[in-house]
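Worksheet: one structure, shown below.
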Amino acid sequence: MTALGTATAPAVRPGGLVRTVARTHRTALALTLLVLATATAALIWLHSLGDEARAGDSACATPPTDRLPSCAAVEAITVDETYASGLAVIATVLSWVMFPVAAWAGGALIGRELESGTAQLAWTQSVGPLRWLAAKLAAPAALLTAGTGGLVLVNVWARGDADPDLAGDWYYPDVFVSTGPVAVAYALAGLALGALAGLVWRRALPATGVALAASLLLHNLLERHREDLWTPVTRTEAGSFELPRSALQVAWYDSPRHGVPLTRADFHPESHFWPLQYVETGLLLAVAATATAAAFVLLARRLP
């Protein structure tokens, strides 16, 4: 009978890795769930104010008529300001979710564990480096997709008929991001950029700074060139004309021909909301996929 010279550590199942990630970052998980719950409750409350807010922003007449209420009665309604301000705050939160995600991923999720040696210790306990990274990214990605996507749906529901006087025009930067799938894509891109920064720098503080800088650059670049992601509509008429409020103006030209004033406008109608959403979402997911692949390649090359 021969003795076994080396003991084999029990394999860690994927579910165990996910639970380990959740336990290690339970503070961030609790904070995320608290923010999601608070934002959802706020949106439900704002939805309950919607009808009264629209009444406070409706047309009026002095004296009142059969069709229009008294202007004094309409002006006495102040809940429309609360409704509009609340929606604006939620839109900003959804638009900026990329930045805290990137900072956390670069600093706490990856950078700090490499700096402290926690990651290397995990790699010696039947958790390979690539499996470790996959679990580190899969759990937050699933939570971000479900949480951000769900909050976007509740936000769209709370906006009701999306009256631009109350909820903002569809092309406003924060409104655009917070009402479509691009919000989820920004969160996932922030996660991937943060993870890559953590693996490159292997220290929490520098990784956090680089992840924030990369996210800010990407966010500003796409916001600045959003109108160029889809071909605008061109309208040319003799004389002057006005675009509808729902149109996002891209360019405006006044060029008389043969003594006749000619006006040309390039613009995005409201129907371009979804094409612009899909293109920007695709670009962000491509960035997320590229950064994730680069992180795995970098980790594999650094293995002994």
Side-chain angles (χ1 to χ4, degrees), residues 18-19 21-58 74 76-105 107-109 137-191 194 212 215 219 223 273-274 277 280-281 284:
V18 173
R19 286 192 295 272
V21 172
R23 185 169 59 252
T24 303
H25 302 283
R26 55 185 176 274
T27 302
L29 175 61
L31 183 60
T32 300
L33 294 176
L34 177 61
V35 170
L36 287 173
T38 303
T40 302
L43 286 170
I44 293 173
W45 175 64
L46 289 171
H47 180 266
S48 70
L49 302 179
D51 290 340
E52 188 178 355
R54 282 182 279 276
D57 192 55
S58 61
V74 170
I77 301 174
T78 59
V79 73
D80 54 321
E81 298 177 3
T82 303
Y83 180 79
S85 298
L87 289 179
V89 169
I90 296 297
T92 301
V93 169
L94 278 168
S95 299
W96 291 2
V97 70
M98 176 187 204
F99 304 123
V101 168
W104 172 76
L109 184 68
L137 293 179
L143 179 60
L144 286 171
T145 301
T148 308
L151 198 57
V152 166
L153 293 176
V154 179
N155 182 44
V156 172
W157 169 72
R159 288 166 55 85
D161 60 0
D163 180 355
D165 289 328
L166 293 172
D169 288 290
W170 68 269
Y171 50 80
Y172 287 1
D174 287 354
V175 173
F176 181 84
V177 173
S178 65
T179 53
V182 73
V184 179
Y186 269 112
L188 294 177
L191 176 66
L212 277 174
S215 299
H219 188 277
E223 183 176 307
F273 172 81
W274 284 112
Q277 280 275 338
E280 189 165 342
T281 298
L284 286 165

**Reported CG-to-NE2 distance for the pair Asn155 and His47, which is rounded to 0.5 angstrom** = 11.5 Å

**Asked** Got a second to check how far Arg26's CZ is from Leu31's CG, nearest 0.5 Å?
**Response** 14.5 Å

**Request:** Apply the test side-chain contact (heavy atoms from CB on, under 4.5 Å) to residues Leu284 and Leu188: give CA-CA distance (whole Å), side-chain angles for both, the deciding distance (0.1 Å), then the verdict.
**Result:** CA-CA 8 Å; Leu284 286 165; Leu188 294 177; over 6 Å; no

**Message:** Minimum heavy-atom separation for Thr148 and Ala187, please, with both atom names.
**Reply:** OG1-CB, 4.2 Å

**Message:** Is it true that Asp80 and Tyr83 share a donor-acceptor pair across their side chains at a distance under 3.5 Å?
**Reply:** no

**Request:** Answer whether the closest heavy-atom distance between the side chains of Val184 and Leu144 falls below 4.5 Å.
**Result:** no

**Prompt:** Is there side-chain contact between Val177 and Leu94, with heavy atoms separated by less than 4.5 Å?
**Reply:** no

**Request:** Go through the steps to decide whether Thr179 and Tyr172 satisfy the test side-chain contact (heavy atoms from CB on, under 4.5 Å), and finish with yes or no.
**Result:** CA-CA 11 Å; Thr179 53; Tyr172 287 1; over 6 Å; no

**Message:** Show the nearest heavy-atom pair for residues Val152 and Gly180, with the distance to one decimal.
**Reply:** CG1-N, 3.7 Å

**Request:** Grab the two heavy atoms, one from Pro140 and one from Leu137, that are nearest each other, plus how far apart they are.
**Result:** CD-O, 3.4 Å

**Asked** For the residue pair Ser215 and Ala102, what are the closest heavy atoms and their distance?
**Response** OG-CB, 3.1 Å

**Asked** Between Phe273 and Phe176, is the ring centre distance below 6.0 Å?
**Response** yes

**Prompt:** So, for Val97 and Ala183, which heavy atoms are closest and what is the spacing to 0.1 Å?
**Reply:** CG1-O, 4.4 Å

**Message:** Can you give me the closest heavy-atom contact between Ser178 and Ser95, atom names plus distance?
**Reply:** N-OG, 4.3 Å

**Message:** Looking at Trp96, I want to see if its CH2 is surrounded by more than 12 non-hydrogen atoms of other residues, nucleotides or ligands under 6.0 Å.
**Reply:** no

**Request:** Supply the atom-to-atom distance Asp174 CG to Leu87 CG, rounded to the nearest 0.5 angstrom.
**Result:** 12.0 Å

**Message:** With rounding to the nearest 0.5 angstrom, report the CD to CH2 distance, Gln277 to Trp170.
**Reply:** 9.5 Å

**Message:** Is the shortest side-chain heavy-atom distance between Trp274 and Pro181 below 4.5 Å?
**Reply:** yes

**Asked** Can you check side-chain contact (heavy atoms from CB on, under 4.5 Å) on Ile44 and Thr40, steps first, answer last?
**Response** CA-CA 6 Å; Ile44 293 173; Thr40 302; 4.1 Å; yes

**Expected output: side-chain Asp163 to main-chain Asp165 donor-acceptor under 3.5 Å** = yes

**Prompt:** Going by heavy atoms in the side chains, are Leu33 and Leu29 under 4.5 Å from each other?
**Reply:** yes

**Asked** CG/Leu46 to CG/Leu166 distance, rounded to the nearest 0.5 angstrom?
**Response** 11.0 Å

**Request:** Hey, can you tell me if His25 and Trp104 have their rings parallel, tilted or perpendicular (30° and 60° cut-offs)?
**Result:** perpendicular

**Request:** Could you grab the distance from atom CG of Asp51 to atom CG of Asp161, nearest 0.5 Å is fine?
**Result:** 9.0 Å

**Residue that, paired with Arg159, satisfies side-chain contact (heavy atoms from CB on, under 4.5 Å) out of Val175, Val154, Leu43, Ile90** = Val175

